[in-house]
Amino acid sequence: MAEVDTDAILDDRRERRRLPLVGLLLSALYVGGVALYLFVQGQNPADLRLNELGDFLGGVSSPLAFLWLVLGFFQQSREIRLSGKALQLQASEMRRSVDEHRRLAGGESAE
């Protein structure tokens, strides 16, 4: 049986948490920046007509949507990379298992 690398598991857990935290931090900074800009300009989105409010919200939320799309892409590529590594480990274990079965079928001793 293959040894479990606890450092690799801890690094994987840390990296899993990193992208959402970066996304939340950047989102909070962006929303705070938009709120600060509106405050400094003296503008209140509640004063806009309904179609103007929709345009405003669409324009303000599109950079956030793009940010989360990019972060999701990075997360998915990382998961695919980890899946490939897991498949390689599984293939090497299967090769060892086949070799062991051949050795046992051939009547070789375990010494």
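Hydrogens, waters and symmetry mates are skipped; everything else that's a heavy atom, side chains included, is used. Starting from 1, each residue takes its place in the sequence as its number.
When every heavy atom of G59 is checked against every heavy atom of Y30, the shortest pair comes out as O-OH, 4.3 Å. Nearest approach of L53 to L48, heavy atoms of both residues: N-CB, 4.0 Å.
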Indicate every side-chain donor-acceptor pair of residues 20-28 with a distance under 3.5 Å to a residue at least two apart or in another chain.
from: S27; atom 1: OG; to: G23; atom 2: O; distance (Å): 2.8
from: S27; atom 1: OG; to: W68; atom 2: NE1; distance (Å): 2.9

For a quick test of your reading: what N or O donor-acceptor pairs under 3.5 Å do the side chains of residues 78-91 make, sequence neighbours left out?
from: R78; atom 1: NE; to: E15; atom 2: OE2; distance (Å): 3.0
from: R78; atom 1: NH2; to: D12; atom 2: OD1; distance (Å): 2.7
from: E79; atom 1: OE2; to: Q75; atom 2: NE2; distance (Å): 3.3

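For the atom pair NE2 of H101 and CE of M94, the computed distance is 10.5 Å after rounding to the nearest 0.5 Å. Note that CG of L19 and CD of Q76 are 12.5 Å apart. Values are rounded to the nearest 0.5 Å.
With respect to L67, the side-chain contact (heavy atoms from CB on, under 4.5 Å) criterion is satisfied by exactly one of L71, L69, V70: L71. Screening R102, R95, E100 for a side-chain contact (heavy atoms from CB on, under 4.5 Å) with V98, the sole residue that qualifies is R102.
More than 12 heavy atoms of other residues, nucleotides or ligands sit less than 6.0 Å from atom CD of Q41.
A chain of hydrophobic side-chain contacts below 4.5 Å, direct or via other Ile, Leu, Val, Met, Phe, Trp or Tyr residues, connects F66 to F73.
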